[in-house]
Colleague: 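Pasting a structure here, questions to come.
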Amino acid sequence: MPQAMGLITTNQTVSLGKLTADRPIAAVPFAARYRLLDFALSNLVNSGVRTVGLITPHHFRPIMDHLGAGREWFLDRKAGGLFILPGSTYGMKNMNAKFLLKDLLKNIQYIRHGRERDVVVSSANQVFNFNYRPALEAHAESGADLTLLYRDEERSLRGRRDNSFFLRLGEDGRVLNLEPAAALAPREPRRLFLDVFIMRRALLLNVLEWYKTMEYSDLQDIIAENLNSWQVRSVPFRGYLKRIESVEDYFSSSMDCLCAEVRQEIFGAADRIHTKMKDNAPAYYGPQSEVTNSLVASGCRIEGSVANSIIFRKVRVAEGAIVRDSVVMQGCVIDQDSLVEHVVCDKSARIMRGSLLKGRLSAPSVVGKECVV
Amino acid sequence: MKKKELVAMLLAGGQGSRLGALTRYIAKPAVVFGGKYRIIDFSLSNCANSGIDTVGVLTQYKPLLLNSYIGTGTAWDLNEPDGGVHVLPPFVGEDGGRWYKGTANAIYQNLDFINRYEPEYVLILSGDHIYQMDYTQMLATHKKNGADVSVSVMEVPAAEACRFGIVTADAEGRITAFAEKPDEPESNLASMGIYIFNTRLLQNALVADEQDKSSENDFGKNVIPRLLAQGKRLWAFPYCGYWRDVGTIESYYTANMELLRDGTIFGLEDSDVRIMTNSNIFPPHYVGPAARVRGSLVCNGSTVLGEVTDSILSTEVCVEEGATVIDSILLPGAQVKRGAWVKRSVVGERSVVESGCSLGVPRRVENPGADNIIVIAEQSIVPANSVIEEGRKVFYHLAV
């Protein structure tokens with residue numbers, strides 16, 4: 001039996017404006033054929049986890065549509081599998097929690113029924129490919145109650161990290177503090193908490209019992225409060241990681257996929273990122289097409305010119321159309337003689353003939369789902 | 001076991017020896033076509049799209065890839081509770097075992113499988129044709145005609161008729177004569193190797209064929225002519241869509257290139273009747289800063305840094321910077337290294353064309369009659385700076 005069961009929370013209020021008008025952040029399409037959730041889910045599955053609970057937000061339709069029975073992630077199985085767990089705050093304004101206790105309490109049956117020793121808890125708004133197996137082994141060997149995953153942040157990458165926690169580590173690798181960036185001294189190393197942790201299942205059940213009257217707490221805060229009473233260790237991640245909390249994050253991370261090293265790390269590793277299969281035809285390039293430095297998915301028909309862009313499945317770029325530095329999602333049509341630059345086109349948008357659409361690199365424009373421009 | 005109205009039997013055991021190097025390790029139905037498909041995808045998808053949920057796939061020649069590819073049929077939505085896809089290899093019984101001797105013998109040996117479902121009709125298919133067809137229409141016509149056997153036919157150019165089984169039919173469509181690869185064809189209606197049989201008649205015909213020691217146990221050569229001679233009701237079902245037999249390197253190459261004509265082939269991009277396939281999940285393909293891709297099909301997982309014109313790039317293909325690919329088919333995992341030049345070639349799965357190679361340079365000596373397509377076998381390496389002329393039929397074969 002696998003050592004751990006998985007728990008992914010997608011009931012998190014992260015707004016990407018129009019891109020999350022109709023869908024949770026976890027369901028935002030990414031890298032021409034994936035959704036952000038694919039990374040969290042694939043990392044678990046690639047680490048040998050075969051029981052995954054997914055806490056859903058109120059607008060869960062796109063998530064369900066994407067996951068189905070979980071076949072593409074090898075979760076349509078007899079032992080374990082995919083469990084869709086209702087979130088607790090449907091229709092209510094969320095308080096921006098990452099691991100809201102109420103969500104976990106409401107689904108305590110799922111955790112109770114597990115037979116695994118540990119639970120891997122993960123958020124679903126990050127782009128990274130990380131096999132947790134070594135972390136799971138280290139966790140079991142050290143006898144820790146909790147193992148937090150983190151990544152050393154370079155100073156230049158600090159940016160806005162309002163909702164993120166950082167680790168302060170002791171000599172022996174134990175976690176001494178878990179706190180927001182503001183609490184860190186200027187020269188202190190930035191160790192970003194990955195919003196992924198391994199916890200003994202029995203301890204998690206106890207915590208839920210102890211804190212059941214404080215259901216609006218965030219498990220992250222409870223961990224921070226109990227670092228002295230529990231054995232909390234840490235495991236570093238050294239690969240590419242991008243947390244998506246804004247349109248700018250989304251856009252820059254999308255553009256990162258045009259870099260060979262990043263692509264190799266997230267898509268070229270032995271562990272694949274799995275996603276829903278559609279069986280589209282191969283992409284077709286017309287006799288006059290000009291495509292450079294772009295990621296193109298299947299089912300596309302490219303007859304115009306595309307540069308430095310991410311082109312999702314079944315996009316049409318007509319002759320004479322120009323797409324530059326943009327993200328064009330599934331089913332969009334870019335008509336003849338139109339120009340699209342620094343734009344994110346949500347699914348099935350249509351840019352009519354002769355249109356001119358320009359955003360800025362620092363603030364890309366977003367064309368909403370099914371909009372006609 | 002629930003009774004079925006119709007069970008499909010898909011003949012996928014052939015070696016496809018005329019595909020040469022392409023079938024060195026795999027059976028013909030497993031050869032990649034159109035970038036992301038394998039030839040058998042077309043028949044299996046046709047079954048699924050026609051609502052046929054019970055398919056027996058007869059495999060024999062180098063079946064490892066084919067068997068694992070078909071799996072439980074999930075990729076074609078054929079994982080049905082009563083029925084589904086069954087891979088049927090030759091087997092042994094108390095009287096010993098035998099290889100499948102011919103198409104008819106292969107079905108004969110699996111009559112038990114058919115009987116399990118007690119179908120009224122059996123649909124016999126080949127796993128090596130590229131086409132899209134709704135078999136329910138053929139079945140409806142079969143019933144309407146009160147036929148014993150229906151044979152799907154299409155018109156072919158008179159010059160090519162001698163390559164096919166040729167059907168002669170009366171004005172209503174009842175078959176009056178059938179000749180397998182005749183020297184002097186009576187008509188230009190070619191059998192597509194798709195038959196619907198009334199089950200009882202099929203059983204009797206196969207038992208009779210098995211008892212005839214002179215028979216080659218082939219549907220076209222033996223079973224159909226014998227039934228005609230017995231005065232059974234054989235009807236032609238006319239089909240006029242796209243259908244290609246890709247049994248030779250030339251026809252395989254031509255059919256692939258036809259996909260490029262306007263980037264669409266029947267329903268390849270029509271989601272209602274999609275061709276389903278059992279592929280791994282690859283990331284989208286990447287086209288590099290200095291790349292140029294024109295008039296081509298490119299599949300997921302590929303990287304194009306060089307120039308690609310009028311070609312088909314399958315999954316996980318890599319064309320390095322400074323490399324040129326023209327009028328060619330690169331099969332899954334093929335690599336064309338820096339500065340190589342490849343024209344009118346089929347580069348096999350996971351083969352490498354090393355840097356500085358020139359494949360398909362114009363012939364110095366005219367060599368009429370020879371085909372001019374170069375085939376690099378699966379898992380081969382073409383050493384750096386090799387020069388291969390067009391018209392030189394080269395099957396490079398150096399295991400990696």
Side-chain angles (χ1 to χ4, degrees), chain A residues 30-34 38 42 69 71-74 76 129 257-260 262-264 266-269 272-303 305-316 331, chain B residues 32-37 41 45 48 74-77 79 256 259-271 274-305 308-317:
Chain A
F30 186 80
R33 72 171 299 189
Y34 303 90
D38 289 336
S42 300
R71 186 170 101 201
E72 280 90 348
W73 299 266
F74 316 99
D76 57 338
N129 185 340
C257 295
L258 297 178
C259 161
V262 172
R263 261 200 330 277
Q264 178 59 31
I266 53 180
F267 300 125
R272 294 275 178 192
I273 301 300
H274 312 286
T275 191
K276 185 179 178 180
M277 298 267 223
K278 292 256 174 85
D279 284 2
N280 289 315
Y284 172 71
Y285 290 78
Q288 303 302 322
S289 72
E290 294 275 357
V291 180
T292 51
N293 191 35
S294 295
L295 208 55
V296 183
S298 56
C300 287
R301 193 181 172 89
I302 314 266
E303 286 167 296
S305 130
V306 176
N308 314 323
S309 295
I310 310 289
I311 310 294
F312 282 69
R313 294 187 262 214
K314 295 197 125 178
V315 166
R316 300 273 175 278
Chain B
V32 168
F33 182 86
K36 71 180 293 183
Y37 306 94
D41 284 336
S45 298
T74 317
W76 302 270
D77 286 349
N79 50 334
N256 267 287
L259 299 179
L260 298 177
R261 236 181 248 158
D262 66 348
T264 57
I265 165 182
F266 39 92
L268 281 197
E269 51 180 37
D270 182 343
S271 60
R274 65 180 141 190
I275 303 299
M276 292 172 268
T277 180
N278 183 9
S279 59
N280 290 321
I281 296 180
F282 298 111
H285 63 268
Y286 174 74
V287 180
R292 199 173 74 177
V293 186
R294 285 184 169 173
S296 296
L297 289 173
V298 185
C299 292
N300 285 335
S302 290
T303 305
V304 186
L305 305 176
V308 174
T309 311
D310 301 329
S311 295
I312 295 181
L313 270 53
S314 202
T315 49
E316 289 199 295
V317 162

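Below, chain A is the first sequence line, B the second, and so on; all start at residue 1.
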Colleague: Just so I know, are the side chains of A/Ser289 and B/Arg294 near enough to count as touching, which here means a heavy-atom distance under 4.5 Å?
Modeller: yes

Colleague: Examine whether an atom of B/Ser314 lies under 4.5 Å from a heavy atom of chain A, and if so say whether it belongs to the side chain, the backbone or both; otherwise answer neither.
Modeller: neither

Colleague: Need one label for A/Ile310: side chain, backbone, both or neither, based on atoms under 4.5 Å from any heavy atom in chain B.
Modeller: neither

Colleague: Any chance you could measure B/Ile275, atom CD1, to A/Asn280, atom CG, to the nearest 0.5 Å?
Modeller: 12.5 Å

Colleague: With only heavy atoms counted, which part of A/Tyr34 is less than 4.5 Å from chain B, the side chain, the backbone, both or neither?
Modeller: side chain

Colleague: Identify the two heavy atoms, one from A/Leu258 and one from B/Tyr286, that lie closest to each other, and give their separation to 0.1 Å.
Modeller: O-OH, 3.6 Å

Colleague: If you take all heavy atoms of A/Asp279 and B/Met276, which pair is closest and at what distance?
Modeller: OD2-CA, 3.2 Å

Colleague: Are A/Tyr285 and B/Val287 close enough that some pair of their side-chain heavy atoms sits under 4.5 Å apart?
Modeller: yes

Colleague: Got a second to check how far A/Met277's CE is from B/Thr74's OG1, nearest 0.5 Å?
Modeller: 10.5 Å

Colleague: Can you tell me which portion of A/Arg313 sits under 4.5 Å from chain B's heavy atoms? Options are side chain, backbone, both or neither.
Modeller: neither

Colleague: Show the nearest heavy-atom pair for residues A/Ala31 and B/Pro284, with the distance to one decimal.
Modeller: O-CG, 3.3 Å

Colleague: Count the heavy-atom pairs under 4.5 Å between each of B/Val293, B/Thr309, B/Asn278 and chain A, then report the option with the highest count.
Modeller: B/Val293

Colleague: Minimum heavy-atom separation for A/Thr292 to B/Pro289, with atom names?
Modeller: CG2-O, 3.3 Å

Colleague: With a 4.5 Å cut-off on heavy-atom pairs, point out which of A/Ala260, A/Gly286, A/Ala32 contacts chain B the most.
Modeller: A/Gly286

Colleague: Quick check for you: to the nearest 0.5 Å, what is the distance between A/Arg263 atom CZ and B/Thr303 atom OG1?
Modeller: 6.0 Å

Colleague: Determine whether B/Ile281 and A/Arg272 make a side-chain contact, defined as any pair of heavy atoms from C-beta on separated by less than 4.5 Å.
Modeller: no

Colleague: Quick check on the interface: out of A/Cys257, A/Ala307, A/Gly268, A/Ala297, who has the most heavy-atom pairs with chain B under 4.5 Å?
Modeller: A/Ala297

Colleague: How close do B/His285 and A/Ala283 get, heavy atom to heavy atom, and via which atoms?
Modeller: CE1-CB, 3.6 Å

